[in-house]
Amino acid sequence: MDGRYVSDLLQKEIVCEVSSLPCQPGLAVVLVGDDPASQIYVKHKVRVCERVGMRSKFISLPNTTSQRVLLDVVSDLNQDNSVHGILVQLPLPKSIQTQLIIESISPDKDVDGFHPYNVGRLSVGHHSFLPCTPRGVLYLLDYYNIPLSGKRCVVVGASNIVGKPLALLLLQRGATVTVCNSLTRDLPLITRTADILFSATGCPHLIGSDSIACGAVVVDIGIHRGEDGKIVGDVDFEACLPKASYITPVPGGIGPMTIAMLLKNTLQAVFSSLGRLYG
Ligand code: GUN
């Protein structure tokens with residue numbers, strides 16, 4: 001499954017949608033600290049946002065930024081009418097309480113879908129903003145006409161950003177869902193039961209060919225930057241390729257879909273600010 005291709009298609013659609021709006025969508029991206037991986041992700045998000053005609057506001061703050069200062073930055077962005085979406089890149093420095101910052105973002109501008117208001121709406125099946133990565137995963141499976149209803153899905157990784165919201169979305173699509181975490185015993189025994197396997201741990205090559213069933217769909221949501229600078233996923237792609245019916249590569253799989261969904265969520269924020277429904 002080629003996430004880069006599907007993301008490019010989506011970006012072309014988004015260019016048209018942006019040009020037909022009465023105002024230019026604005027996305028604020030806040031980065032605290034100098035984590036090299038976060039710097040690369042954030043720069044990429046800003047670049048794609050500008051490429052589709054949106055306005056980006058990139059705020060880079062030093063590692064020493066206090067929680068109070070970050071709360072003030074978010075508060076200013078909440079008030080700013082030219083900003084429709086706010087993204088504070090995670091992880092934040094240890095001195096800052098992540099949940100406090102997430103909860104300070106206006107739920108109407110929470111294009112990450114991390115605010116408890118949006119998490120709660122997702123959990124009862126009346127979602128507003130969906131987290132970008134799980135939304136991108138479902139979009140890609142739908143694009144390739146892979147049905148979820150009645151399927152056995154195994155999600156490896158139970159983070160708030162990916163594993164938990166993905167499991168909820170799969171449940172809502174009628175899948176039977178098993179969620180594994182780092183303490184799960186006999187992981188390959190469980191992953192081999194999956195019609196569709198999702199792995200989101202950041203442990204390189206956690207999923208080998210012995211971890212999947214013949215004909216399984218394998219979705220690699222892991223991302224790990226090796227010492228050589230190369231990006232690898234959770235799945236041993238070469239080993240699993242002959243056995244899987246569909247598989248996503250890293251890079252070029254879910255990563256580009258996540259960015260496309262960030263753009264879609266930003267458009268959704270603009271539409272709701274205009275009192276209109278998007279999509
Ligand atoms: N860090 C890793 N993934 C994400 C994401 O989707 N959003 C934010 N804000 N931070 C992240």
Side-chain angles (χ1 to χ4, degrees), residues 3 7 10 27-49 56-61 63 65 70-71 73-74 77-78 83-94 96-107 109-119 122 127-140 155 157-169 198-203 219-225 231-234 248 250-251 253-266 268-269:
S7 175
L10 274 166
L27 174 68
V29 178
V30 182
L31 175 67
V32 186
D34 48 15
D35 175 60
S38 289
Q39 279 177 335
I40 293 170
Y41 302 148
V42 156
K43 278 192 187 136
H44 195 48
K45 287 173 187 176
V46 168
R47 198 173 332 121
V48 177
C49 166
S56 71
K57 187 167 191 160
F58 177 41
I59 300 174
S60 179
L61 301 168
N63 218 7
T65 303
L70 184 54
L71 285 169
V73 167
V74 172
L77 294 171
N78 283 338
V83 171
H84 301 91
I86 302 171
L87 180 149
V88 177
Q89 184 68 17
L90 304 181
L92 289 168
K94 289 205 168 43
I96 294 175
Q97 292 177 57
T98 302
Q99 196 58 26
L100 195 73
I101 302 302
I102 288 174
E103 292 184 21
S104 73
I105 297 172
S106 162
K109 298 190 178 188
D110 172 35
V111 285
D112 262 326
F114 293 166
H115 190 285
Y117 174 82
N118 289 317
V119 175
L122 162 62
H127 66 258
S128 304
F129 292 111
L130 288 176
C132 302
T133 302
R135 187 176 182 191
V137 168
L138 287 206
Y139 196 100
L140 195 63
V155 179
S159 68
N160 289 340
I161 295 182
V162 182
K164 284 188 214 165
L166 177 60
L168 283 170
L169 284 171
F198 305 85
S199 189
T201 70
C203 300
V219 181
D220 191 348
I221 317 170
I223 184 149
H224 175 86
R225 190 172 288 275
I231 290 179
V232 290
D234 287 1
T248 59
V250 175
I254 298 305
M257 292 304 300
T258 297
I259 295 190
M261 294 304 129
L262 174 63
L263 301 175
K264 276 185 106 49
N265 280 354
T266 306
Q268 187 181 321

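Numbers for residues simply follow the sequence, beginning at 1. These numbers come from the heavy atoms of this one structure, side chains and all, not from hydrogens, waters or symmetry mates. Order of listing sets the numbers, starting from 1, for every ligand and every atom in it.
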Under 3.5 Å donor-acceptor, Thr248 side chain and Gly253 backbone: no

Minimum-distance pair of heavy atoms, taken over all atoms of Ile86 and Leu27: N-CD1, 4.4 Å

Side chains of Thr201 and Asp234: do they bring a donor and an acceptor to under 3.5 Å? yes

Just checking Phe58: does its CZ atom have more than 12 heavy atoms from other residues, nucleotides or ligands closer to it than 6.0 angstrom? yes

For ligand 1, what N or O to protein N or O distances fall under 3.5 Å?
{"from": "ligand 1", "atom 1": "1 (N)", "to": "Gln89", "atom 2": "NE2", "distance (Å)": "3.3"}
{"from": "ligand 1", "atom 1": "1 (N)", "to": "Leu90", "atom 2": "O", "distance (Å)": "2.9"}
{"from": "ligand 1", "atom 1": "7 (N)", "to": "Asp112", "atom 2": "OD1", "distance (Å)": "3.0"}
{"from": "ligand 1", "atom 1": "7 (N)", "to": "Asp112", "atom 2": "OD2", "distance (Å)": "3.4"}
{"from": "ligand 1", "atom 1": "9 (N)", "to": "Val88", "atom 2": "O", "distance (Å)": "2.8"}
{"from": "ligand 1", "atom 1": "9 (N)", "to": "Asp112", "atom 2": "OD2", "distance (Å)": "2.6"}
{"from": "ligand 1", "atom 1": "10 (N)", "to": "Leu90", "atom 2": "N", "distance (Å)": "3.0"}

Distance from Asn160 atom CG to Gln99 atom CD, nearest 0.5 Å? 7.0 Å

OH-CD1 distance between Tyr41 and Ile259, expressed to the nearest 0.5 angstrom: 10.5 Å

